[in-house]
Visitor: 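Take this structure, written in structure tokens, and hold onto it; I'll ask about it next.
Predicted, not measured: the structure shown is a model, and the values here were computed from it.
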Amino acid sequence: FCYIKDCLIFSDSGETRMKIMMIDDERDCMESLAAALEPAGHHADMFSSPADAVTQYAQGKYDVVITDMRMPRMTGIQVLRVIRQIDPQARVIIMTGYGDAETAIAAVNNGAYAFFGKPVNIVELIEVLERVGKEQEQIKLSKAEQERMALEYQRLKKAHDEMIKLLDCTRSKKLEG
């Protein structure tokens with residue numbers, strides 16, 4: 001289950017578009033998938049051990065996690081749960097060579113962003129990564145707009161307070177005179 005369908009999508013910018021954590025006990029599969037994503041501008045850190053990956057996730061910043069479903073010592077669902085405990089907004093994609101409806105439903109019910117059977121259709125995966133990227137950009141823009149509005153509110157509040165002081169001073173002078 002290591003091969004990939006529909007390869008070679010190229011990035012026009014040449015810069016890294018997304019930092020991906022990839023977890024699979026089959027190193028060849030990971031390397032193939034990482035190599036297929038590289039021309040689209042994505043960088044993947046690869047982990048054969050889910051436990052090591054989870055530890056690293058807590059220390060690093062990843063845009064998305066792609067994990068195999070069936071691995072020794074930890075399933076993709078378990079990886080998903082732990083990563084979502086660390087970051088409830090984490091985007092986790094699960095892939096498996098043993099896809100059945102129950103597994104897909106369990107993945108989605110536990111918060112998986114997407115579910116792919118192997119062989120992974122690279123075009124579809126890149127479309128999902130593009131969607132993640134657009135969502136993250138919207139979140140950044142929203143946060144920037146919130147910060148801008150907070151600063152504007154502070155500026156207007158200060159102007160309002162100064163205006164009140166000026167009015168109070170004017171009233172005091174009228175009462176004195």
Visitor: With a 4.5 Å cut-off on side-chain heavy atoms, are Lys118 and Thr96 touching?
Guide: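 The answer is no, as the side chains (C-beta and beyond) never meet within the 4.5 Å cut-off.
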Visitor: Starting at OG of Ser32, measure out to CG of Asp24 and round the result to the nearest 0.5 Å.
Guide: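 Between Ser32 OG and Asp24 CG, I get 10.0 Å after rounding to 0.5 Å.
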Visitor: Side chains of Asp45 and Gln56: does their closest heavy-atom pair fall under 4.5 Å?
Guide: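 Counting from C-beta outward, Asp45 and Gln56 never come under 4.5 Å.
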Visitor: I'd like to know whether Met69 forms a side-chain contact (heavy atoms from CB on, under 4.5 Å) with Met95, so could you lay out the CA-CA distance, the side-chain angles of the two residues, the decisive distance to 0.1 Å, and finally the verdict.
Guide: CA-CA 6 Å; Met69 182 63 180; Met95 59 184 182; over 6 Å; no
Visitor: Within the side chain of Thr55, is there an N or O that forms a donor-acceptor pair under 3.5 Å with the backbone of Ala51?
Guide: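 At least one qualifying donor-acceptor pair exists.
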Visitor: To the nearest 0.5 angstrom, please state how far the NE2 atom of His160 sits from the NZ atom of Lys157.
Guide: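 Between atom NE2 of His160 and atom NZ of Lys157 there are 7.0 Å.
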Visitor: Is the shortest side-chain heavy-atom distance between Thr67 and Met21 below 4.5 Å?
Guide: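 Side chain of Thr67 against side chain of Met21, heavy atoms only: no contact under 4.5 Å found.
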Visitor: State, with a plain yes or no, whether a side-chain heavy atom of Ser48 is found less than 4.5 Å away from one of Met30.
Guide: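 Contact flag for Ser48/Met30 side chains = yes.
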Visitor: Do Ile23 and Asp52 make a side-chain contact, defined as non-hydrogen atoms from C-beta onward lying under 4.5 Å apart?
Guide: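 The answer is no, as the side chains (C-beta and beyond) never meet within the 4.5 Å cut-off.
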Visitor: Between Ile83 and Ala90, which heavy-atom pair has the shortest distance, and what is it?
Guide: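 The pair with the smallest heavy-atom distance is CG2-CB, 3.6 Å.
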Visitor: Under a single-linkage definition using a 4.5 Å side-chain heavy-atom cutoff for Ile, Leu, Val, Met, Phe, Trp and Tyr, are Leu37 and Phe116 assigned to the same hydrophobic cluster?
Guide: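 Yes: a chain of side-chain contacts under 4.5 Å links Leu37 to Phe116.
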Visitor: Can you tell me how far CD1 of Ile20 sits from CD of Glu38, rounded to the nearest 0.5 angstrom?
Guide: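 Nearest 0.5 Å value for the CD-CD1 distance: 11.0 Å.
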Visitor: Work out which heavy atom in Ile126 is nearest to a heavy atom in Ala40; give both atom names and the distance.
Guide: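 In this case the closest contact between Ile126 and Ala40 is CD1-CB, 3.7 Å.
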Visitor: If you compare all heavy atoms of Met71 against all heavy atoms of Gly76, which two are closest, and at what distance to 0.1 Å?
Guide: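 Shortest heavy-atom separation between Met71 and Gly76 comes out as CE-N, 4.2 Å.
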Visitor: Same cluster or not: are Tyr62 and Ile66 linked, directly or through other Ile, Leu, Val, Met, Phe, Trp or Tyr residues, by side-chain heavy atoms under 4.5 angstrom apart?
Guide: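 Different hydrophobic clusters.
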Visitor: Determine whether Met74 and Val82 make a side-chain contact, defined as any pair of heavy atoms from C-beta on separated by less than 4.5 Å.
Guide: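 SC-SC contact between Met74 and Val82 confirmed.
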Visitor: Taking side-chain hydrogen bond (donor to acceptor under 3.5 Å, both in side chains) as the definition, give me every residue that meets it alongside Arg70, ordered by chain and number, with sequence neighbours left out.
Guide: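 side-chain hydrogen bond (donor to acceptor under 3.5 Å, both in side chains) check on Arg70 returns nothing, list empty.
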Visitor: How many angstroms lie between atom CG of Asp68 and atom CD of Glu26, to the nearest 0.5 angstrom?
Guide: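 One gets 6.5 Å once the value is rounded to the nearest 0.5 Å.
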Visitor: Applying salt bridge (Lys or Arg N to Asp or Glu O under 4.0 Å) as the test, list every pair that has at least one member in residues 125-138; sequence neighbours left out.
Guide: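 Non-adjacent pairs meeting salt bridge (Lys or Arg N to Asp or Glu O under 4.0 Å): Arg17-Glu130, Arg91-Glu135.
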Visitor: So Leu129 and Ile93, do their side chains get closer than 4.5 Å, heavy atoms only?
Guide: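 Yes. Closest side-chain heavy atoms under 4.5 Å.
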Visitor: Do Phe115 and Val120 sit in the same hydrophobic cluster, where Ile, Leu, Val, Met, Phe, Trp and Tyr count as joined when their side-chain heavy atoms come under 4.5 Å apart?
Guide: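 No.
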Visitor: Could you tell me which non-hydrogen atom of Tyr113 sits nearest to which non-hydrogen atom of Val132, and how far apart they are?
Guide: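 Smallest interatomic distance, heavy atoms only, reads CE2-CG2, 3.3 Å.
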Visitor: Just wondering, are more than 12 heavy atoms of other shown residues or ligands nearer than 6.0 Å to CD in Gln59?
Guide: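 Yes, CD of Gln59 has more than 12 neighbouring heavy atoms, counting only those of other groups under 6.0 Å.
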Visitor: May I ask whether Leu80 and Val65 are part of the same hydrophobic cluster, defined by side-chain heavy atoms of I, L, V, M, F, W, Y residues being less than 4.5 angstrom apart, directly or through others?
Guide: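 Yes, one cluster joins them.
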Visitor: Would Val92 end up clustered with Met18 when hydrophobic side chains under 4.5 Å apart are linked, directly or stepwise?
Guide: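 Unlinked, Val92 and Met18 end up in two clusters.
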Visitor: Please examine the side chains of Tyr57 and Val79, heavy atoms only from C-beta on, and report whether any two atoms are closer than 4.5 Å.
Guide: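 No, their side chains stay 4.5 Å or more apart.
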Visitor: Which distance, rounded to the nearest 0.5 Å, do you find between the CD of Gln154 and the CE of Met149?
Guide: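 Interatomic distance, Gln154 CD to Met149 CE, rounded to 0.5 Å: 12.5 Å.
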Visitor: Between Asp25 and Arg73, is there a side-chain N and carboxylate O pair less than 4.0 Å apart?
Guide: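 No, this pair does not count.
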Visitor: Is it true that Glu162 and Lys165 have a side-chain N and a carboxylate O under 4.0 angstrom from each other?
Guide: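 Looking at Lys165 together with Glu162, the answer is no, because their closest N to O distance does not fall below 4.0 Å.
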